[in-house]
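Taking it in order: structure first as structure tokens, then the write-up.
Keep in mind it's a predicted model, so treat the numbers as computed, not measured. Counting convention: from 1, in listed order, for ligands and their atoms alike.
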Amino acid sequence: MANTIQAIRGMHDVLPEQTPLWQYAEQVIRDLLGAYGYSEIRLPIVEKTELFKRSIGEVTDIVEKEMYTFEDRNGDSLTLRPEGTAGCLRACIEHGLLNNQIHRLWYYGPMYRHERPQKGRYRQFIQLGVETYGMSGPEIDAELILLMDRLWKKLGIRDQVRLQLNSLGTIAERTVYRENLVEYFQAHIGQLDEDSLRRLQTNPLRILDTKNPAMREVVANAPELMGYLGTESTGHFNAITAILNGLGISYEINTRLVRGLDYYSKTVFEWVTDALGSQGTVCAGGRYDSLIGQLGGKANHAVGFAMGMERLLALLETLDTIPMAKPVDVYMVRVGEKAQQEGLRYAEMLRDAMPALKLQVNMDGGSFKSQFKKADKSGADLAIILGDDEVSRGEVGIKPLRDEQGQQMLLQSQAIAFLQDYLLSR
Ligand code: ATP
Ligand code: MG
């Protein structure tokens, strides 16, 4: 086994025993997005490098050091998408979806960032992205928050996450703030780490987003962007908090929340948790009206968010019980030549009668004993047993596998009714 090939660091397989939890979360999410009238959009995983440079910003962590960029055989510079917002907007501009239209969209899939892998931080990770276009808000900003609030409740993790809100104002407001912020940090230059010194020249707001505990104090005492907002931005922000107050959704205003990407304006928000250590942001987003123009589209409105699925799953794993479907309900044991043949026919009949039944049929023969072992391992609740004797009498045996009840003999037709009852009572 010395020569086996391993997966790439930070890129994980989801093994069959983990997929039910993924499928459960995905189903709840899909249903919920449907209930709010959101449509799915499917986008390429690879885009032109230029798209991310122009949208995410040249001096962000992602573009500076996290992108998987390569030259394809034509010599074009391509990048594995590090996030979905840019590609989604690119597609909508390209296909004319933003011409006097309103859209509520979502996408789901892998993103790629060359980060240092650790719990909750991977090089391939899955995001649910939700993007809306054509609405100037603040009600749509609030709708996105309501949608997530409902998701946490449905998944039973509402008490594990908190909403943080901030406003980044307009570009003009940020420019004035930026000058004052630079002045402040220059006055405290001795307290800045290497990253922050660099950002002081390129992107000083991002210093506020530092994860370095040694920088906490200097950041805590920095001027607050909120104080620099004009009436338009303040009004927009206050309208969102008024809606949330009215609907009983609690939030914290975090004036240090700037987000890692450059394209936001006005509203930004994060759902954070204390249950996952330092990778505490599960879902993050905000308004990014100006990005549309930056990518060559006509002025318009956009607000959206992305949720990290691995972090969501990690939260679900902290729950005692999760209402998850089993992969197998019933395992068919069939011993003897006639039973082998008859079993396949009967299994197809059961599948016709009960499309929701998860039925696994034993393969490659074996004794009753060895087949029961496999039945047990499959996780099924029930075994259906066919021997040659049963077949000649038109009967099947049914045996519960998870309690001490014995086997009962039923006519094949009675067994269908029995399984239908089982499905209903599950
Ligand atoms: P962080 O501050 O944790 O690096 P970020 O600001 O870079 O996050 P976004 O680009 O806003 O993250 O992505 C939205 C969400 O996607 C995050 O809140 C997180 O749940 C998830 N996410 C981002 N990067 C990773 C990663 N490398 N591995 C797993 N999940 C991630
Ligand atoms: Mg990051």
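Between Asp61 and Arg199, at least one side-chain nitrogen of the basic residue sits less than 4.0 Å from a carboxylate oxygen of the acidic one, meeting the salt-bridge criterion. The pair Lys65-Glu115 fails the salt-bridge criterion, with no side-chain N (NZ, NE, NH1 or NH2) lying under 4.0 Å from an Asp/Glu carboxylate O. Between Glu64 and Arg198 there is a salt bridge, since at least one side-chain N of the basic residue sits less than 4.0 Å from a carboxylate O of the acidic one. Taking a cutoff of 4.0 Å between a charged side-chain nitrogen and a carboxylate oxygen, Lys374 and Asp376 do not qualify as a salt bridge. For Arg206 and Asp195, the salt-bridge test fails: no basic side-chain N is under 4.0 Å from an acidic carboxylate O.
The aromatic rings of Tyr112 and Tyr68 stand perpendicular to each other, their planes meeting at an angle above 60°, with 30° marking the opposite boundary.
A distance below 6.0 Å separates the ring centres of Tyr122 and His12.
Contact annotation: for Asp209 versus ligand 1, there are no heavy atoms closer than 4.0 Å. Contacts between Arg121 and ligand 1 below 4.0 angstrom, taking non-hydrogen atoms only, involve backbone and side chain alike.
Contact atoms of ligand 1 toward Val282: 18 (O), 20 (O) (distance under 4.0 Å to a heavy atom of the residue). Atoms of ligand 1 found under 4.0 Å from any heavy atom of Lys211, numbered from 1 in the order shown, are 1 (P), 2 (O), 4 (O). Proximity to Gln127 (heavy-atom distance under 4.0 Å) selects the following atoms of ligand 1: 13 (O), 14 (C), 15 (C), 16 (O).
Here the shortest heavy-atom distance to atom 5 (P) of ligand 1, taken over Glu83, Met309, Arg113, belongs to Arg113. Nearest-residue assignment for atom 18 (O) of ligand 1 (options Val258, Leu312, Thr281; heavy-atom criterion): Thr281. The option from Tyr112, Trp271, Phe305, Phe125 that lies nearest to atom 26 (C) of ligand 1, judged by heavy atoms, is Phe125. Residue nearest to atom 29 (C) of ligand 1, selected from Gly286, Cys283, Gly120: Gly120 (by heavy-atom distance).
Not a single heavy atom of Gln279 lies less than 4.0 angstrom from ligand 1. The shell of residues lying under 4.0 angstrom from ligand 1, judged by heavy atoms, includes Glu115.
Distances between N or O atoms of Met307 and those of ligand 1 include no value under 3.5 Å. The N/O atoms of Glu310, backbone and side chain alike, include none that comes under 3.5 Å of an N/O atom in ligand 1.
Inspection of the Arg150 and Tyr36 side chains reveals an N or O donor paired with an N or O acceptor under 3.5 Å.
For the pair Glu26 and Tyr24, the minimum side-chain heavy-atom distance is 4.5 Å or more.
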